[in-house]
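Reading through the structure tokens given below for one structure.
Since we're looking at a predicted model, the values are computed, not measured.
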Amino acid sequence: MSTVVIAIDGPSGSGKSSTSRAVAQRANWQYLDTGALYRAITWIALRDGVSDPADLVERAQFSGITFNGDPIEPRIFVGEIDITVDIRSARVTDQVSIYSALPEVRAYLLGLQRHFIDAAPHGIVVEGRDIGTVVAPDAPLKIFLYADLQQRALRRERELTELTTTTAVADSLEERDLLDSTRKLSPLRMAEDALEVDSTLLDLPEVVDVIWQWAKERALLGLPKVAIIGRPNVGKSTLVNRIIGRREAIVEDTPGVTRDRVKYEAEWNGRTFVLIDTGGWEVKPEGISEKITAGAELAIAEADIVLFVVDAQVGALDEDSSLLTLLRRSKKKTILVANKVDGVVEEQNAHGLWNLGLGEPHFVSALHGRGSGDLLDLLVKELPEVGSELPDDGFRRIAIVGRPNVGKSSLLNALAGESRVLVDDVAGTTRDPVDELIELGGDTWRFIDTAGIRKRAIHDSGTDYYASLRTASALERAEVAVVVIDASLPLTEQDLRIVTMTEEAGRALVLVMNKWDVVDDERREQLDKELERNLERYPWAQRVNLSAKTGWHRDRLAPALRTALRSWEKRIPTAKLNAFLGALVAATPPPVRGGKQPKIRFATQATIAPPKFVVFASEWVEPSYRRFIERRIREEFGFEGSPVEVSIKVREREERRVR
């Protein structure tokens, strides 16, 4: 996931440091004082008596400048020397503007600042004097914080160790402001899209609240994560469905239905959070259960709170005790949920779960809803204000679809560069759609790994049927469908049906020929013939040959996705469209039908995503001519990777309508 950046600019003494630290602490993010980095290199220059810029940068690189990023107690080091206090001295303050003006120094520290920003795990608040314009120009929230000179002097006086009078501090600040304002690239410049905050008459909590509200409006504050953990078949997915208020998680009496870590957004009493449904945890897993158990342990690691679900009708087993040991080692806040408590008798029997040592067991019946409201009331009270999961973030949504066992999950893991979803040789390993944010080709994408679509899922088990429905739902949520095909095997009817399903859903399309590493020349020639014969209706579909297993050519997917999205959202100006259509009809008029020559009057593009064109004609037009118009529109305007719909609307003559 990309680091979320809040950039806070402003002159010295405006309250940037205290404000930034307070915002970072509230969000549980990292904090970076870029001014401290300039002070650190000034400290090095004064310590070593260096004035040559190249020499100074070399010494800084050799010594190493580090900033701990802790908003509660930020500290800066040169090598192993803690210079946090020393850099606030008047001696350093008086010289910092001189050294910060050196191009070599600024270039070096710019790279260092961006390194610290990129290394932040979730979010970071960066403050200084050129953050929004130079250091983080793409930050989603930029603040320009200022105050009048007298108020800034009072604040700065409290920080300095040698200057003792407000007048002296004010003179120092005014002199520095004047120096900065005369530079060609002044650090006092405000970014064009920055939001201004005058802190002269505001106290710290008021300033923080203003910034916090802006961050919430931009959906920059992450949602807390709640992992639901337990043995197989204790009712975790039933509880998920109860909490989110709809039947999303697949539920069956058979243990092991849920396999991957699946995330759902939930809301209770105005608090939104992310639920992580997991597969059943086992003490001694074997085969696919080993990977399911590992996924459950990863869910614990990323969660803010854990709901430990126990089957109250069975009681605590050895597996529950072993899982409890794992939870204690994780040091995560854990709420004990006694499920399947359908009445007073079950509740009395479930009091024995106090012996687990997790405190009070919270009795619920996930199936019937008993006690679920009380559990949610407790849960939202325990949620942190900010978590690491971003809400609807605007990233482009890509659904990975295909038959079972063609390598969809392997592809997602290859794109991520790590194991994000469960992969096994058993067909149908993935059953729930799994969302993952992945950096690919310089952009962040939301990939949705889906269950394999079977030929007759409706006649198969309930698990396959509901998995197929959820895959269709994931396709509706997506903007682009990546249809994965096993290139080593002949195309099947099911492959073709999935491509057709994508077109009918109106989604952009990229065909991924997977397992290319095992395709020989003979198979490639045969595949080309199969595609030409069976996918002749989709010559516009983008095609990428790759190997999910080895990662070969995975870098080609991002350009194909961008092209498909551009085509999917392309709009042709009406004048340009009709100029093209007029020339086309003049050269090749529609065929005569019933002794009448249809007249093409004009056309308009009705929608984008996908592009839909309406052609108005005087008479009914042959379907073949409509397809001809569509083909020529593609030849003229592109639309590679996107379906295009052309419809003919018969419009009576104007004189007929007048009568």
Can you tell me how far apart OG (S372) and CG (L367) are? Round to the nearest 0.5 Å.
11.5 Å
Under 3.5 Å donor-acceptor, S410 side chain and G407 backbone:
no
CD of E192 to OG1 of T133: how many Å apart, nearest 0.5 Å?
10.5 Å
Looking only at side chains, do N405 and R403 share a donor and an acceptor under 3.5 Å apart?
no
Would you call R627 and E630 a salt bridge, using N to O less than 4.0 angstrom?
no
Using side-chain heavy atoms (C-beta onward) and a distance below 4.5 Å, is I438 in contact with L412?
yes
Can you find a heavy atom in the side chain of E640 that is under 4.5 Å from one in the side chain of W540?
no
Check the angle between the aromatic planes of F602 and F616 and answer parallel, tilted or perpendicular using the 30° and 60° thresholds.
parallel
Any chance you could lay out the side chain to side chain contact (heavy atoms under 4.5 Å, CB included) test for Y538 and L511, step after step, and finish with the verdict?
CA-CA 10 Å; Y538 308 98; L511 298 176; 5.9 Å; no
If you count heavy atoms of other groups shown closer than 6.0 angstrom to CD of Q213, is the number above 12?
yes
Using modelled atom types and a 3.5 Å cut-off, is there a donor and acceptor pairing between side-chain atoms of R218 and backbone atoms of L141?
no
L496 vs L535 side-chain heavy atoms within contact, under 4.5 Å
yes
For the pair Q542 (side chain) and G641 (backbone), establish whether a donor and an acceptor sit closer than 3.5 Å, ignoring hydrogens and angles.
no
Straight-line distance of Q526 CD to D520 CG, nearest 0.5 Å:
9.5 Å
Hey, are D443 and R562 close enough for a salt bridge, meaning a charged N less than 4.0 Å from a carboxylate O?
yes
Going by heavy atoms in the side chains, are L376 and N269 under 4.5 Å from each other?
no
Can you tell me if W568 uses its side chain to pair, donor with acceptor, with the backbone of G506 under 3.5 Å?
yes
Can you check whether L527 reaches E530 side chain to side chain, under 4.5 Å on heavy atoms?
yes
So, T588 and Y625: side-chain donor and acceptor under 3.5 Å apart, yes or no?
no
Do R271 and P224 have side chains that get closer than 4.5 Å, going by heavy atoms?
yes
List the atom of A603, the atom of T574, and the distance in Å for their closest heavy-atom pair.
O-CG2, 3.9 Å
Using distance alone, with no hydrogens and no angle criterion, decide if N241 and T238 have a side-chain donor and acceptor under 3.5 Å apart.
no
Check the angle between the aromatic planes of W445 and F447 and answer parallel, tilted or perpendicular using the 30° and 60° thresholds.
tilted
How far apart are the closest heavy atoms of V592 and P598, and which atoms are they?
CA-CD, 4.4 Å
L561 vs R396, test: side chain to side chain contact (heavy atoms under 4.5 Å, CB included). Steps then yes/no.
CA-CA 10 Å; L561 293 174; R396 308 313 299 256; over 6 Å; no
Which residue is it: K515, R523, K549? I am looking for the one with a salt bridge (Lys or Arg N to Asp or Glu O under 4.0 Å) to D486.
K515
Is there side-chain contact between V510 and T563, with heavy atoms separated by less than 4.5 Å?
no
Does the distance from a Lys or Arg side-chain N to an Asp or Glu carboxylate O, for E479 and R446, drop under 4.0 Å?
no
Least distance between heavy atoms, L546 atom then A548 atom
CD1-N, 3.7 Å
Please check if the number of heavy atoms outside K570 that lie under 6.0 Å from its NZ is greater than 12.
yes
Distance, nearest 0.5 Å, that separates CZ of F628 from CD1 of I633
10.5 Å
In terms of heavy-atom contacts, does CD of E532 have more than 12 from other residues, nucleotides or ligands at under 6.0 Å?
no
Shortest non-hydrogen contact between L531 and R543, atoms and distance
CD1-NH1, 3.1 Å
Taking P590's backbone N and O only, do any of them form a donor-acceptor pair with Q597's side chain (distance below 3.5 Å, no angle check)?
yes
So, T604 side chain and V614 main chain: donor-acceptor pair closer than 3.5 Å or not?
no
Is the number of heavy atoms from other residues, nucleotides or ligands under 6.0 Å of R556 CZ greater than 12?
no
So how far is it from T550 OG1 to W516 CH2, rounded to the nearest 0.5 Å?
13.0 Å
Would L307 and I243 count as a side chain to side chain contact (heavy atoms under 4.5 Å, CB included) here? Give the steps.
CA-CA 12 Å; L307 294 183; I243 291 174; 4.3 Å; yes
Could you walk me through whether W552 and D517 pass side chain to side chain contact (heavy atoms under 4.5 Å, CB included), step by step?
CA-CA 8 Å; W552 182 78; D517 53 321; over 6 Å; no
More than 12 non-hydrogen atoms from neighbouring residues, nucleotides or ligands closer than 6.0 Å to CD on E635, yes or no?
yes
Under 3.5 Å, is there a donor-acceptor pair between the side chain of R397 and the main chain of R477?
yes
Would the distance check show the side chain of T278 and the main-chain N or O of I228 forming a donor-acceptor pair, the cut-off being under 3.5 Å?
yes
Any heavy-atom pair between the side chains of N534 and V499 that's under 4.5 Å?
no
Mark yes or no for whether R114, through its side chain, and V135, through its backbone, hold a donor-acceptor pair below 3.5 Å.
yes
Could you measure the distance from the CG atom of L195 to the CE atom of M190? Nearest 0.5 Å is fine.
9.0 Å
Smallest heavy-atom separation, L223 atom then D304 atom, equals O-OD2, 4.5 Å
Which pair of non-hydrogen atoms, one from V644 and one from R634, has the smallest distance, and what is that distance?
N-NH2, 3.1 Å
Check: P610 main-chain N/O paired with T607 side-chain donor or acceptor under 3.5 Å
yes
